[in-house]
Structure formats: C-alpha cells, structure tokens
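Count residues from 1 along the sequence. Read the numbers this way: they start at 1 and go in the same order the structure lists the ligands and their atoms.
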Amino acid sequence: MKTQVAMIGGRPSGLLLGQLLLKPGIDTVVLERKTKDRVLGRIRAGVLERGLVALMEQAGCATRLHAEGILHDGAMISYGDTMFRVDFTEHTGHPVIVYGQTEVTRDLFDAHEQAGGATVFNVEDVAIHGADTDAPHVCYTVDGVPQRLQCDFIAGCDGFHGVSRQAIPLNVRREYEKVYPFGWLGILSQTPPVHHELIYANSPRGFALCSMRNDSLSRYYIQCSLSDKPGYWTDAAFWQELKRRIPADMAERLITGPSIEKSIAPLRSFVTEPMRWQRLFLCGDAAHIVPPTGAKGLNTAASDVHYLYNALRDYYENGSPAGIDGYSEQALARVWKAERFSWWFSSLMHRYPDQSPFDLKMQIAELEFLRTNAAAQRAMAENYVGLPY
Ligand code: FAD
Ligand code: PHB
C-alpha cells in the first residue's frame with residue numbers, strides 16, 4: 001500500500017489529523033491497534049478548548065458537538081468548606097465546552113468513514129522504517145498477514161505507550177518526566193451532576209473532581225493511592241469518600257447511583273524533545289503527557305494537530321518545508337506552557353505523601369490568593385480556556 005501520510009494511532013490525534021488532511025485531498029491511512037469498539041470504550045477527557053472545537057469545525061465534524069456540548073463559563077474551586085468560582089468568560093471572553101472524548105472520537109470515526117478515509121483496525125507489530133530516508137514505510141500485520149505501507153511522512157499519534165517515540169534514536173531524543181505519587185479513581189454514573197459547573201476540590205483527604213458529560217451523566221474522580229485497584233472500591237465506598245472531600249452543602253445534594261465505569265489513571269508529566277525526527281512527527285500523548293487536573297491532554301494534542309496539519313498542507317500545496325521544519329519548536333513552545341499549568345494546578349489541589357505543614361500552609365495561601373485576586377483568576381482562566389495557537 002502507498003499513501004502520503006501514514007498515521008499510527010486512531011484515537012483523537014490520529015483521527016483528527018487524518019480527517020483534516022482529507023479535506024485538501026492529502027492521502028492518509030490511519031493504523032489502529034485496537035478494534036473500533038475498544039477505542040470507543042475508554043472514558044477520558046471531558047473539557048474542550050475552543051481551539052479543538054475550531055479544528056472539529058474545520059474537519060466538518062462539529063455538528064453534534066455544538067448540539068450536545070455544554071458551554072461552561074466558569075468552574076468552582078473548593079478547599080475545606082470554602083468554595084469560589086473562576087469566571088472564564090468574564091476574564092477571557094471564552095467559555096470551555098463539556099463534551100466527552102468518546103463522543104469526539106465517535107464523530108471523527110463517522111466523518112472519516114463517510115469521507116472514505118482509510119482506517120485499518122487490529123493492526124499488530126507496527127514498525128517504522130526509514131524515517132531518516134526518502135522512502136519511509138510502516139510494516140505491520142493484520143490477522144497474521146504482513147503488510148507494508150509506503151508513505152512520504154509518518155505521524156506518530158499512538159499515545160504514551162506507542163512505538164513512534166521509540167523510533168527516534170536515543171542520541172537524538174531527550175525526555176523530561178515527573179511521576180506523581182498518586183492516581184485518580186474515576187467513575188461514570190447515570191445520575192444528574194451535583195452542580196451545573198465543575199468542582200475542583202482540595203480536601204485534607206485528597207483531591208476530588210465533580211464533572212459531567214450531560215445533565216443525566218456524571219463523571220467524578222477522587223485522588224487515590226497508586227496501589228489501589230478499581231475493584232478495591234465498591235460504589236458505596238467511592239460515594240462516601242467523594243462526599244467527605246467536597247463542601248458539605250454539595251455532599252448533601254449529591255445524587256448517587258451505580259457506576260457504569262470505574263477506572264484508575266496514574267498522574268504523570270512527560271515531554272519528549274524533539275517532536276520531529278526527519279520524516280517522523282510525534283503528535284499528542286505520543287510526545288507529552290500532563291496530569292489531567294488542568295484538562296489539557298486532549299487539548300494539547302489538538303494544538304499539535306493544528307501545527308502539523310498546517311505544516312503538511314503548506315508542504316503539499318506550496319512545496320514549502322518551513323512549517324515542517326518549524327513543527328517541533330512551535331508545538332513544544334505551547335506544550336511546555338500546558339505542562340506548567342497542569343503541574344501548577346495539580347500541585348495546588350492534591351495531597352502529597354511528603355507534604356510538610358509548611359507546604360500545606362503554602363497551598364492554602366495560594367488558594368486564598370486565587371480566591372481573592374482578580375489577576376490570579378485571570379491567569380488561571382487564560383490557561384484553562386486554552387492559550388492561543
Ligand atoms: P491516545 O488517546 O493515547 O491514543 C493513541 C492510540 O494509538 C490508541 O487508540 C492506541 O490503541 C493506539 N496505538 C498505540 N500503540 C499503537 C501501535 N503500536 N500501533 C497502532 N496503534 C497504536 N484531556 C483534556 O484535554 N481534557 C480533559 O478533560 C482530560 N481528562 C482526562 C481524564 C483522564 C482520567 C485521563 C486519563 C486523561 C484525560 N485527558 C484529558 C487526556 C486525554 O485523554 C489524552 O491526552 C488524549 O487521549 C490523547 O490523545 P492521543 O490520540 O494523542 O493518544
Ligand atoms: C472529565 O470530565 O473527565 C474531566 C474534566 C476536567 C478535568 C479532567 C477530567 O480536569
């Protein structure tokens with residue numbers, strides 16, 4: 001098989017890039033390790049920045065997002081029984097949209113299928129060859145049958161555990177990492193959200209987040225130990241712990257019900273540099289991970305897609321390699337800012353095992369400052385709604 005751009009990974013980064021490239025007629029093939037159902041089975045992001053929404057519009061996939069997504073003009077932050085609101089729209093002129101990553105992915109799959117885009121599911125043994133030559137290709141197997149895909153460029157959109165990043169030689173690659181000493185236990189339940197906006201809670205028992213997908217589907221998270229397993233937590237134990245971490249009036253009005261999904265995500269900050277090696281480009285979680293506290297992972301994947309799409313388009317339409325040559329630097333400049341915000345917000349909201357009484361006082365002082373200072377709220381709002389591309 002032959003294509004212009006081979007995409008490894010068929011979740012948001014790969015699908016969105018593939019769908020965008022189809023529009024100006026750039027030929028792509030998306031290779032995905034899992035089945036479509038398994039790709040859609042993972043519950044992850046819920047908050048979309050306007051940059052991602054604009055890309056979905058550009059890709060012709062935003063109709064359902066606009067019909068069903070919920071505009072959020074602000075979010076609540078609590079510590080103990082104190083709760084305050086950061087108004088995103090007042091401070092930046094922009095809201096965020098609550099619309100699940102699963103739905104983004106479903107919309108992209110549907111649009112890709114309708115446009116006749118090529119997605120190969122269930123690929124195994126994916127290997128990148130010749131990314132530093134004029135004849136790159138990707139080898140893989142489907143049902144045990146070896147395949148070879150020749151291409152001009154390879155977009156590594158295969159997440160943190162994919163093969164693309166490893167294809168960049170060790171003497172070229174630099175990795176920066178911070179692993180947090182806790183995870184998030186998340187549940188999805190068919191219950192109305194406790195509040196119409198998200199609540200980020202710092203409590204002496206650890207962080208909690210009240211989020212949602214729509215007015216009858218809630219998503220809640222609690223900070224948990226890295227040794228926890230979802231099976232250790234009954235629904236009753238989860239609800240009891242969540243109630244202890246959010247302000248009392250919210251706990252009182254929380255409607256509980258059976259969980260329809262329960263999973264644990266470890267928290268990590270990670271960046272690999274450069275994001276391009278010759279004819280291989282890294283995009284999204286393949287190149288960087290943020291702790292989910294700032295809701296930046298998928299949104300930062302989207303800014304990579306934006307830069308890479310424009311770079312490839314410029315190359316194919318105008319013969320200009322400038323965008324391609326500048327991709328890594330341009331993407332990384334924004335990535336590091338998202339890393340900073342996610343690290344800062346995570347540090348502000350979680351309990352750390354080695355936190356001293358002084359560290360705790362600093363957290364509370366910083367929360368007090370954020371509660372009472374308009375400039376601090378504005379800085380937070382600007383980052384939360386998404387820095388410009
Ligand atoms: P992935 O979603 O990891 O997709 C990579 C794909 O590549 C997968 O489908 C995988 O099967 C495939 N793949 C892997 N290896 C191979 C291979 N060898 N060959 C072929 N295919 C392969 N982000 C936000 O912006 N807002 C939020 O509110 C938010 N909340 C989150 C909550 C949680 C609990 C978690 C865990 C994450 C959250 N994120 C959020 C982060 C967001 O989910 C990720 O950043 C996003 O999924 C990245 O997309 P991706 O396409 O780059 O990578
Ligand atoms: C979610 O709804 O899954 C969600 C929302 C905000 C975050 C992280 C996750 O910061």
Purely on distance, is any nitrogen or oxygen of Ala265 under 3.5 Å from one on ligand 1? no
A student checking ligand 1 against Gly297 at a 4.0 Å heavy-atom cut-off should list atoms 23 (N), 24 (C), 25 (O), 41 (C), 45 (O)
Looking only at heavy atoms, the pair that brings Arg219 and Ser263 closest together is NH2-OG, 4.1 Å
Of Gly9, Ser13, Gly14, the residue with the heavy atom nearest atom 49 (O) of ligand 1 is Ser13
Under 4.0 Å from one or more heavy atoms of Val163, ligand 1 contributes atoms 18 (N)
Counting from 1 in the order shown, the ligand 1 atoms closer than 4.0 Å to a non-hydrogen atom of Ile8 are 19 (N), 20 (C)
Please determine if Arg279 and Asp134 form a salt bridge, counting it only when a charged side-chain N lies under 4.0 Å from a carboxylate O. yes
Restricting to heavy atoms, the pick from Glu49, Arg44, His161 nearest atom 3 (O) of ligand 1 would be Arg44
Heavy-atom proximity to atom 39 (N) of ligand 1, picking from Ala45, Gly10, Gly386, points to Ala45
closest protein heavy atom to atom 32 (C) of ligand 1 is Tyr221 OH, 3.6 Å
When distances are taken from atom 16 (C) of ligand 1, the protein heavy atom at minimum range is Asp158 CB, 3.7 Å
Atom 26 (N) of ligand 1: closest protein heavy atom, distance to 0.1 Å, is Ala295 O, 3.2 Å
- Ring-face cation contact, Phe109 with Lys36, 6.0 Å cut, 45° max: yes
Discussion item. Cation-pi check for Tyr180 against Lys178: NZ or CZ below 6.0 Å from the six-membered ring centre and within 45 degrees of the axis, yes or no?
Written reply: yes
A student checking ligand 1 against Leu31 at a 4.0 Å heavy-atom cut-off should list atoms 20 (C), 21 (N)
Can you say whether the rings of Phe281 and Phe153 are parallel (under 30°), tilted (30 to 60°) or perpendicular (over 60°)?
tilted
Applying ring pair (Phe, Tyr, Trp, His ring centres under 6.0 Å) to His137 and not counting sequence neighbours gives His129
Of Ile70, Val53, Val47, the one forming a side chain to side chain contact (heavy atoms under 4.5 Å, CB included) with Ile97 is Val53
Judged by heavy atoms only, the candidate from Ala302, Pro292, Ser211 nearest atom 33 (C) of ligand 1 is Pro292
_For Tyr307 and Tyr389, take the angle between the two ring planes, folded into 0 to 90°, and tell me which bin it lands in: parallel under 30, tilted 30 to 60, perpendicular over 60._
tilted
Under 4.0 Å between heavy atoms, the region of Gln101 that gets near ligand 1 turns out to be side chain
Nearest non-hydrogen protein atom to atom 21 (N) of ligand 1, with distance, is Arg33 N, 3.2 Å
Quick note on ligand 1: atoms under 4.0 Å from a heavy atom of Cys157 include exactly 5 (C), 6 (C), 7 (O)
With Tyr79 as partner, the option from Arg371, Glu366, Gln363 fulfilling side-chain hydrogen bond (donor to acceptor under 3.5 Å, both in side chains) is Arg371
Per the under 4.0 Å non-hydrogen criterion, ligand 2 touches Arg44, Gly46, Val47, Trp184, Leu198, Tyr200, Leu209, Ser211, Arg213, Arg219, Tyr221, Pro292, Thr293, Ala295
Practice prompt. Measure up the Tyr200 and Tyr384 rings against each other and bin them: parallel (under 30°), tilted (30 to 60°), perpendicular (over 60°).
Written response: perpendicular
Other residues, nucleotides and ligands only: do more than 12 of their heavy atoms fall within 6.0 Å of CD on Glu261?
yes
Within 4.0 Å of some non-hydrogen atom of Gly162, the atoms of ligand 1 are 15 (N)
shortest atom 9 (O) of ligand 1-to-protein heavy-atom contact is with Glu32 OE1, 2.7 Å
For atom 45 (O) of ligand 1, the closest protein heavy atom turns out to be Asp285 OD1, 2.7 Å
For Val126, the ligand 1 atoms with a heavy-atom partner under 4.0 Å come out as 19 (N)
Is the Tyr221-Phe207 ring centre distance short of 6.0 angstrom? no
Measuring centre to centre across the rings, with the benzene-like ring taken for any Trp, is Phe270 within less than 6.0 Å of Phe160?
yes
*asked:* Centroid separation under 6.0 Å, is that true for the rings of His72 and Phe88?
replied: no
**Study point:** is_close_aromatic(Trp336, Tyr176), centroid dist under 6.0 Å
**Key:** yes
Partner of Trp277 under side chain to side chain contact (heavy atoms under 4.5 Å, CB included), picked from Ile128, Ile168, Ile154, is Ile168
From the list Arg44, Lys296, Arg11, Arg268, salt bridge (charged side-chain N to carboxylate O under 4.0 Å, His left out) partner of Asp285 resolves to Arg44
One finds that the ligand 1 atoms under 4.0 Å from a non-hydrogen atom of Gly284 are 52 (O)
If you scan protein heavy atoms around atom 28 (O) of ligand 1, the nearest is Gly46 N, 3.0 Å
Note to self: If you measure every N or O of Leu298 against every N or O of ligand 1, does any of those distances drop under 3.5 Å?
What the structure shows: yes
